[in-house]
Amino acid sequence: IGVLVEVNCESDFVARTEDFQSLVREVGMHIAAADPKWVRREDVPADAIEKEKSIYRAQMDGSGKPAGVIDKIVEGKLAKHLSEICLLEQPFFRDATEKKQRTMGELRAEASSELGENITILNGTSDTIEVFNIADGVEWPLATIEAGQGHRISAALFTDGCLSGPFVARGDDGSVV
């Protein structure tokens, strides 16, 4: 399995640090393990949310509960579902044995604070997070890691934790910086 994700920072200096590259590996491994569908709650299409709500409402049919109570139950179930499918709301998989599990959003915020730059996690190519099974012969795209000032660092991440491909800062025109 391979994961395509975009992790942005503000400078090529930070993008080249071991701490930043370690964060990118952890994000990729978490995505491979936890299978989020979207990065953040706002990315989930309205029709997907409505579909889930209708499923939860159908489960409550015939329960005899007042409409206001059913609405609260549906919203609670929806919130739980979104926390399971949105990357930044998922508990970080390496914290599974910890008393207090951090979310991926909290992990990102900690890394931003430690590195002194804003770090964002984006989906690299489409409306959903891309996970590929390498064994199926899928042509492997490169992940793009934003290095700031119009520079990008490209790499492909595999679930064994290895980043494949050179870490080369490139300008927006493709030239090596």
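In what follows, every heavy atom counts, from backbone to side chain, and hydrogens, waters and symmetry copies are set aside. The structure displayed is predicted, hence computed values, not measured ones. This chain uses plain numbering: 1 for the first residue, then up along the sequence.
Rounded to the nearest 0.5 angstrom, Glu52 CD and Lys77 NZ are separated by 10.5 Å. Interatomic distance, CD of Glu106 versus CG of Asp95, reported as 9.0 Å (0.5 Å rounding). One distance of note links CD of Glu10 with OG1 of Thr120; it measures 9.0 Å at 0.5 Å rounding. Once rounded to the nearest 0.5 Å, the distance linking NZ of Lys65 with NZ of Lys72 reads 13.0 Å.
Classification of the His81-Tyr56 ring pair by plane angle, with boundaries at 30° and 60°, yields perpendicular.
For the pair Asp71 and Arg57, the salt-bridge criterion is met [side-chain N within less than 4.0 Å of a carboxylate O]. The pair Lys80-Glu89 does not meet the salt-bridge criterion, since no charged nitrogen lies less than 4.0 angstrom from a carboxylate oxygen. A salt bridge links Asp35 to Lys37: one of the charged nitrogens lies within less than 4.0 Å of a carboxylate oxygen.
Between the side chain of Ser112 and the backbone N or O of Arg108 there is at least one donor-acceptor pair closer than 3.5 Å. No donor-acceptor pair under 3.5 Å is formed between the side chain of Ser83 and the backbone N or O of Gln90.
The minimum heavy-atom distance linking Glu117 with Ser11 is given by the pair OE2-OG, 2.5 Å. What you find for Met60 and Ile73 is that their closest heavy atoms are CE-CD1, 3.5 Å. Scanning all heavy atoms of the two residues, the minimum distance from Met104 to Phe92 falls at SD-CD1, 3.4 Å. For the residue pair Ala79 and Arg41, the shortest heavy atom distance occurs at O-NH2, 3.7 Å.
With a 4.5 Å cut-off on side-chain heavy atoms, Pro36 and Ile85 do not count as touching. Between Lys53 and Leu78, the closest side-chain pair of non-hydrogen atoms falls below 4.5 Å. A heavy-atom distance below 4.5 Å is not found between the side chains of Ser54 and Glu50. Residues Arg94 and His30 fail the side-chain proximity criterion, which asks for heavy atoms closer than 4.5 Å. Using a 4.5 Å heavy-atom cutoff, the side chains of Leu107 and Leu23 are in contact. The closest side-chain heavy-atom distance from Val44 to Cys86 is below 4.5 Å. Proximity of Leu115 to Thr17: side-chain heavy atoms (C-beta onward) are separated by under 4.5 Å at one or more points.
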Side chain to side chain contact (heavy atoms under 4.5 Å, CB included) assessment of Leu87 paired with Ile121: CA-CA 9 Å; Leu87 174 67; Ile121 301 170; 3.6 Å; yes

Stepwise side chain to side chain contact (heavy atoms under 4.5 Å, CB included) test for Asn118 and Cys9: CA-CA 6 Å; Asn118 187 32; Cys9 65; over 6 Å; no

Side chain to side chain contact (heavy atoms under 4.5 Å, CB included) between Ile119 and Phe20, worked out: CA-CA 9 Å; Ile119 295 173; Phe20 181 79; 4.1 Å; yes

Worked verdict on Met29 versus Glu26 for side chain to side chain contact (heavy atoms under 4.5 Å, CB included): CA-CA 5 Å; Met29 286 191 288; Glu26 294 295 333; 4.0 Å; yes

